[in-house]
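The structure appears right after this line, and notes come after that.
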Amino acid sequence: MAVTETRHTRYEPNQFEAKWQDRWEDEALYRAEDFLPKPKYYLLNFFPYPSGAGLSVGHSKNYVPTDVMARYMRMRGYNVLFPMGWDAFGLPAENEAILRQVPPQENTARNVANYKRQLKLQGTSFDWTREINASHPDYYRWTQWFFLMMLRKGLAYRATGLQWWCPQCKTILANEQVVNGYCWRHTDQPVERKELEQWYFRITDYADELLESLDDLDWPERIILMQRNWIGRSTGAEITFTARDSAGNSYPIPVFTTRPDTIYGATFLVLSPEHPLVDVLASPEQRGDVMQYQQRAARETEIQRLSTERDKTGVFVGAFATNPMTGEEMPIWIADYVLMGYGTGAIMAVPAHDQRDFEFAARYHLPVREVIEGPPGAPGGEGAYAGPGTVVNSGPFDGLDADEAKEAITAALTEKGVGHAAVTYRLRDWLVSRQRYWGAPIPIVYCDTCGMVPVPEDQLPVLLPPLEHFAPGEDGRSPLANDPNFVNTACPACGGPARRETDTLDTFVDSSWYYLRFASPHEVDAPFDADAARYWAPIDLYVGGAEHAVMHLLYFRFFTKVMADAGLVPFREPAPRLRNQGTMHGANGARMSKSKGNVVTPDSVVAEYGADSLRAYICFIGPFEADAFWDPTGINGVHRWLSRVWDMAQPMAVDREAGEPEELELRRAINKTIKRVTADLEGFQFNTAVSTLMELSNLMQRLRPALERAEVWRWATDQMLLIMAPLTPYISEELWSRRGGGESIHRQAWPEYDEVMTIDEVKTIVVQVNGKVRDRLEVPQSEDMESVREQALSSPKVQPYLAGKEVAKVVVVLDKLVNIVVR
RNA sequence: GCCGGCGUGGCGGAAUGGCAGACGCACGGGACUUAAAAUCCUGGACCGAAAGGUGUGUGGGUUCGACUCCCACCGCCGGCACCA
């Protein structure tokens, strides 16, 4: 046998990582305890859907840095709530179950077990005693309860309308789930329109608050902007024009405009093809054309209709309306560029000052009347003028600035009773019903005698029955409709025969309140315990991807405001601070996904390098918010670093004195490192935290021969392990225990630093001549700048640049530099 | 088209308006080895023999001094896109 006289063992993370995982769990190291007197910190990741594909290192880009924060905050003395649960309902889960021909219940359970295993593998410190699952009856019971609350408060309603239908998902989608006319899950699947009766939540009631309180959020600017655009608040006026049909009957047509100042320039009205007055107003001569156009518009896909490139088309209705300001007669047209779902579904067309109206007028030879004159020299040319200017051709309002005219004309309209200031939103109500199996059944019963009856709270949950055939049908009905045992029930009001609602709730309803369930995950009498929720919520730091900018993140804000109004929670925003992690791309540059064939699993990385190397590399790879590219060789760097740490932090006898200069240098380095890493972690800069630690270990490597058997070395190594503990929990714990550190390193306090010890004994002063570096002066920290200035001016390296020149100015920056300006 | 964000070595990236390229990857040279791996030491922005000069997408500006602030342009990424 070869003699392997190595002083220490090699760094082999597989030898001890599993051991610590078990021990941490046994010792309940990460259990969050309600109502501790310590300050609380609620750290949460977006609610994940446990996919059969399992986790990739792309997911680690979210979970690892968040876990680092959780561990850091615990060491800072916070009572940290860092829970995990499963957004297990929903289409992807159901589709996967269909594909595998396994009931979704079973499939989900297996996926959850795998996710959990993978998360533990990576050393995440979730409190698993608070694990929740949205597809369990003890959870969705309360999702249903919230639906009833919405209904009670008048915020849930049923309505018929043309809705987006994805032929692949075989269900209706919410507006937020339609992307440029395509399904958000099937990006090559155009959505179609179906006329169906659906359930909605009245999110538009909260549009103003959802918009205004964005200002108070510490969220990425991008997300705030996207929400602001999505809500799309426009201010202007609603103006009532009076239309007459060919028989001489009058009908009011309200229009919404953001430019009431241009009303004198309105030369025709345009109604949406679906506008209810179209049928009434169409003249006998025009009726044929009008109906043909309406049918064509109905057939158009959303993509065709939304295309801005396409020429504007329309048809004259055969009727006229009176402009309430001018008394002028204007023709009424229909055109598909006017949408029924926005504003009033009708507009006054001002071709001189609106590009769309201009194009329409040009095509159909309708009159154009200029009423806003731009400043002199303003670009004339093609198209509508939408800029600022002075009002002309507008009777008594001539000469006013356009902004003044907005107010003046709105006031005049109000005075005459034909208009008023108005606000319109792009945001529509949230469509929450889905014609799919795998979701929370909507707790409603239809009785022939009593009509629609909510299921009483004490009869919740309405259980989702196991179904043999749970795949969606072609008929636009939920598979639940095929189960007579589910459908047929007794009316809760009269006891007579009744039918259950068979649609299920959008999964975004599940994720709109889950963050509160974590406060008291086992509560049986309420969705959450009010005191526990008051203690833990709102979320102090919420972390997830930017793809949920206008879906989940809007819905759960809405839910929170409703809950606040219901007295359930004392705050109106669920997550005052939000951060988005960047996307992890595979080595081939594509987003990491199974279909791109570039998935790297945490399992394979952990097997090869250990979890700490994975964690450190994920942190080191780049800024948290930035996208990253997985470089399979890049991890070597952090792995080598950890191997060196392993080697230098082995327990060592203390039997030598340290050399004083080295000891001081090490002490300073430790203090500086604590200071920097503290600032880095607070600022979410995990990449520089790791590089700071690498610098420290490089320095220690250099000082090691001089110091490794001195007391200061032992102290420094302990400090280093403490700073590393949140980033690399396993190696820190293993070395800590080998060194006899006592209780788990993860129960230790975050190290303090001494400001004085972060300052070097000497300072380096840069000497510039005309901004170019010519010399560097090493002077004692205490040296005053006046003396430094003299030294700089007399520096031999600087002299040649001063020769024959006149010194015009000397700029002195404290402890930093001297810049000599010469002419 | 409109609104954001970003442009720094071969690559990932670092730099309160004050030494550009920290820390790594990859690569070159060397040590150890019969050899290799691993490890350790070492080198490198570019031009130039050197002195020195030039460099943070391009062009201007502010400043004693600009990767950093301002203006214009180019490129990439993201969002929105007939919303009246």
Side-chain angles (χ1 to χ4, degrees), chain A residues 6 10 179-181 220-230 232-234 236-237 255-259 262 266 270 272 305-312 335-339 341-350 353-357 359-360 424-428 546-547 549-550 583 616-617 620-623 625-641 643-644 647 679 685 687-698 701 764-776 800 808-822:
Chain A
T6 47
R10 271 167 49 91
V179 182
N180 292 331
E221 196 52 41
R222 188 165 58 119
I223 302 289
I224 290 187
L225 209 73
M226 282 163 77
Q227 292 220 348
R228 193 166 280 145
N229 291 341
W230 188 261
R233 184 186 147 107
S234 295
V255 306
F256 175 75
T257 179
T258 55
R259 297 293 305 271
T262 63
V270 186
S272 161
R305 189 158 166 179
L306 279 178
S307 168
T308 42
E309 265 112 76
R310 148 188 119 119
D311 287 339
K312 294 192 171 32
D336 63 7
Y337 79 92
V338 175
L339 309 174
Y342 184 78
T344 61
I347 62 158
M348 64 175 203
V350 184
H353 305 293
D354 181 285
Q355 186 60 27
R356 297 154 301 182
D357 298 344
E359 287 168 25
F360 193 79
T424 302
Y425 301 91
R426 213 187 79 118
L427 181 72
R428 314 286 161 82
E547 66 274 11
V550 287
T583 306
Y617 184 49
F620 185 64
I621 198 164
E625 303 82 5
D627 289 357
F629 296 84
W630 182 263
D631 174 0
T633 58
I635 195 170
N636 288 330
V638 290
H639 188 70
R640 283 176 198 142
W641 167 56
S643 301
R644 283 193 292 269
D647 196 51
Q685 291 171 298
N687 55 334
T688 49
V690 173
S691 63
T692 302
L693 280 160
M694 285 175 165
E695 283 180 75
L696 174 67
S697 66
N698 288 348
Q701 196 80 323
T764 306
I765 307 295
V766 171
V767 183
Q768 299 178 334
V769 178
N770 285 349
K772 287 191 168 45
V773 179
R774 300 301 180 188
D775 195 10
R776 297 186 176 89
K809 188 175 175 183
V810 180
V811 180
V812 177
V813 180
L814 181 65
D815 293 349
K816 284 246 170 72
L817 113 171
V818 176
N819 186 15
I820 303 161
V821 185
V822 298

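All chains are named by letter (A, B, ...) in the order of the sequence lines, taking the proteins before the strands, and each is independently numbered beginning at 1.
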Roughly how many Å is it from [atom1] in [X] to [atom2] in [N], rounded to a whole number?
{"X": "A:Phe629", "N": "B:G13", "atom1": "CZ", "atom2": "P", "value": "8 Å"}
{"X": "A:Asp815", "N": "B:G18", "atom1": "CG", "atom2": "C1'", "value": "13 Å"}
{"X": "A:Lys772", "N": "B:A20", "atom1": "NZ", "atom2": "P", "value": "11 Å"}
{"X": "A:Met226", "N": "B:G78", "atom1": "CE", "atom2": "P", "value": "12 Å"}
{"X": "A:Ile224", "N": "B:G4", "atom1": "CD1", "atom2": "C1'", "value": "13 Å"}
{"X": "A:Asn770", "N": "B:C64", "atom1": "CG", "atom2": "P", "value": "12 Å"}
{"X": "A:Gln355", "N": "B:C2", "atom1": "CD", "atom2": "P", "value": "12 Å"}
{"X": "A:Glu221", "N": "B:G5", "atom1": "CD", "atom2": "C1'", "value": "11 Å"}

[N] and [M]: how far apart are their [atom1] atoms, nearest whole angstrom?
{"N": "B:G57", "M": "B:C77", "atom1": "C1'", "answer": "15 Å"}
{"N": "B:U33", "M": "B:U39", "atom1": "C1'", "answer": "12 Å"}
{"N": "B:U58", "M": "B:C11", "atom1": "P", "answer": "15 Å"}
{"N": "B:C71", "M": "B:C76", "atom1": "P", "answer": "22 Å"}
{"N": "B:G78", "M": "B:C25", "atom1": "P", "answer": "31 Å"}
{"N": "B:G59", "M": "B:G55", "atom1": "P", "answer": "9 Å"}
{"N": "B:G75", "M": "B:A26", "atom1": "P", "answer": "36 Å"}
{"N": "B:C40", "M": "B:A45", "atom1": "C1'", "answer": "27 Å"}

*For B:G24, is chi within 90° of 0 (syn) or not (anti)?*
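Base orientation relative to the sugar is anti.
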*asked:* Just so I know, are the side chains of A:Gln768 and A:Val811 near enough to count as touching, which here means a heavy-atom distance under 4.5 Å?
replied: no
*Would you say the side chain of A:Val810 lies within less than 4.5 Å of the side chain of A:Val821, judging by non-hydrogen atoms?*
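Contact flag for A:Val821/A:Val810 side chains = no.
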Nearest listed nucleotide, side chain of [X], among [options]:
{"X": "A:Arg10", "options": "B:A22, B:A38, B:G12", "value": "B:A38"}
{"X": "A:Val773", "options": "B:A26, B:C19, B:A14", "value": "B:C19"}
{"X": "A:Thr633", "options": "B:A81, B:C82, B:A26", "value": "B:A26"}
{"X": "A:Tyr337", "options": "B:A26, B:C82, B:A84", "value": "B:C82"}
{"X": "A:Val766", "options": "B:A84, B:C19, B:C23", "value": "B:C19"}
{"X": "A:Phe620", "options": "B:G18, B:C25, B:G12", "value": "B:G12"}
{"X": "A:Arg644", "options": "B:G24, B:C19, B:C25", "value": "B:G24"}
{"X": "A:Asn636", "options": "B:G18, B:C23, B:A26", "value": "B:A26"}
{"X": "A:Asn687", "options": "B:G13, B:C82, B:C25", "value": "B:G13"}
{"X": "A:Thr688", "options": "B:C64, B:A15, B:A84", "value": "B:A15"}

*So does A:Lys816 reach the base of B:C19 with its side chain, donor to acceptor, closer than 3.5 Å?*
no
What nucleic acid atoms does [X] come within less than 4.0 Å of, heavy atoms only: base, sugar-phosphate, or nothing?
{"X": "A:Gln768", "value": "base"}
{"X": "A:Leu817", "value": "base"}
{"X": "A:Asp631", "value": "sugar-phosphate"}
{"X": "A:Val813", "value": "base"}
{"X": "A:Arg774", "value": "sugar-phosphate"}
{"X": "A:Arg233", "value": "nothing"}

Short side-chain to backbone donor-acceptor contact, [X] and [Y], under 3.5 Å:
{"X": "A:Asp627", "Y": "A:Thr583", "value": "yes"}
{"X": "A:Gln685", "Y": "A:Pro623", "value": "no"}
{"X": "A:Asp354", "Y": "A:Ala349", "value": "no"}

Gap separating the [atom1] atom of [X] from the [atom2] atom of [Y], nearest 0.5 angstrom:
{"X": "A:Asn636", "Y": "A:Trp641", "atom1": "CG", "atom2": "CH2", "value": "15.0 Å"}
{"X": "A:Ile820", "Y": "A:Lys809", "atom1": "CD1", "atom2": "NZ", "value": "13.5 Å"}
{"X": "A:Gln227", "Y": "A:Arg222", "atom1": "CD", "atom2": "CZ", "value": "12.5 Å"}

*salt bridge (charged side-chain N to carboxylate O under 4.0 Å, His left out) with A:Asp815: which residues, sequence neighbours excluded?*
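A:Lys763.
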_Polar side chain donor-acceptor pair, A:Tyr617 to A:Asp631, under 3.5 angstrom_ = no
_Only Watson-Crick and G-U wobble pairs, only distances under 3.5 Å, only runs of 3 or more: what stems does that leave for RNA chain B?_
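The stems are B:1-7 with B:74-80, B:10-12 with B:23-25, B:27-31 with B:39-43, B:45-47 with B:52-54, B:57-61 with B:69-73.
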_Closest-nucleotide ordering on RNA chain B, the 5'-leading residue of A:Met694 and A:Asp627_ = A:Asp627
